[in-house]
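Here's the structure we're looking at; comments come further down.
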Amino acid sequence: MGRSFLSLSSLSREEFDQLLNRALAGKKNPSLWGKPLLGKSVALFFEKPSTRTRLSFEVAINQLCGHALVLTQNDLQLSRGEDIADTGRVMGRYLHAIMGRVKSHATLEGLARSAGIPVINGLSDKFHPCQALADFMTIKENGIGAGSKFVFTGDGASNVAHSLILGAAHYNCDITIATPAELLPHADVLTIAARLGGKVTVTQDALAAAKDADVLYTDVWVSMGQEQETERKKKQLAPFQLNEHLLAAAKKSAIVLHCLPAHKGEEISEAAFESPQARIFDQAENRLHVQKALLEFLLK
Ligand code: CP
């Protein structure tokens, strides 16, 4: 049975550190990677669109000398009713790992149960753990260490917020989630974070949250598949925009992160997005490096 990566809670704190350190070392010196995926095939399965996840995984697999197969739901008999368990059982006979971007987290759990090979969460409705690995790699790369103050402003019930909460617990930094009372992080995620030793503050005051922050982070207000909620969420989240006022309240050394794609003028102001403090495109690049570290870790 392969070891899957559906959430950061499946890693120990030591493994989380090890992945960040390996990704940072490999970014500095790509010759360290070798050919850990030689002769190995990895499916990249997408129920939703992607730019960064698709490109970073496909390039990472190629650079580690493996073979990537990009599949959408319409490429498979899933589109004609074959169930996920049988699909997983078949995939496990041909492949060495599956990365899945899915609508429902249960689909990944079903694949992991049936395939018998590592399944990696490339985004589900519940978590986005590969993104959070790149985010904490970027924080570490910028010299922001344990004990720092991480502020997420936006939808506290989102997959990104959930994974940042668990990542902060592993990284041993305080995380504040500034979010409307209707969009609180899910209780089960807060329970897991507490078990991992995390310190999470939830507030409805984004400006107060930003005071002395080391990291300011936001994400789009309307996630893929939530388009029918656009007007309601725009209204709810307007007071949570990452902008110059939040930047002014944060430490002078604070960095701005966004997992992309961005809707400038909504969750982030143009000025904050283009600020010299923004590390958004380093963060996007770091998807490639952590993906390599993760594939090496799961497939070695
Ligand atoms: N941040 C992120 O997951 O980007 P994509 O949706 O483009 O993969």
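Just follow the structure's listing: the first ligand is 1, and inside any ligand the first atom is 1. These numbers were taken from a predicted model, which means no experiment stands behind them.
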Quick one: list whatever passes ring pair (Phe, Tyr, Trp, His ring centres under 6.0 Å) with His186, sequence neighbours left out. His162

Matching residue for Phe46 among Leu71, Val70, Val102 - test: side-chain contact (heavy atoms from CB on, under 4.5 Å): Val70

Salt bridge check: are Lys251 and Asp212 linked by an N-O gap of less than 4.0 Å? no

Sequence neighbours left out, what pairs pass ring-ring contact (aromatic ring centres under 6.0 Å, His included) with at least one residue falling in residues 267-300? Phe273-Phe281

Tell me which donor-acceptor pairs under 3.5 Å the side chains of residues 105-113 have, and how far apart each pair is, sequence neighbours excluded?
{"residue": "His105", "atom": "ND1", "partner": "Ser124", "partner atom": "OG", "Å": "2.7"}
{"residue": "Thr107", "atom": "OG1", "partner": "Ser104", "partner atom": "O", "Å": "3.3"}

Contact residues of ligand 1, where a non-hydrogen atom lies under 4.0 Å away: Ser50, Thr51, Arg52, Thr53, Arg101, His128, Gln131, Cys259, Leu260, Arg287

Establish, from distance only, whether the side-chain atoms of Asp282 and Thr138 form a donor-acceptor pair under 3.5 Å. no

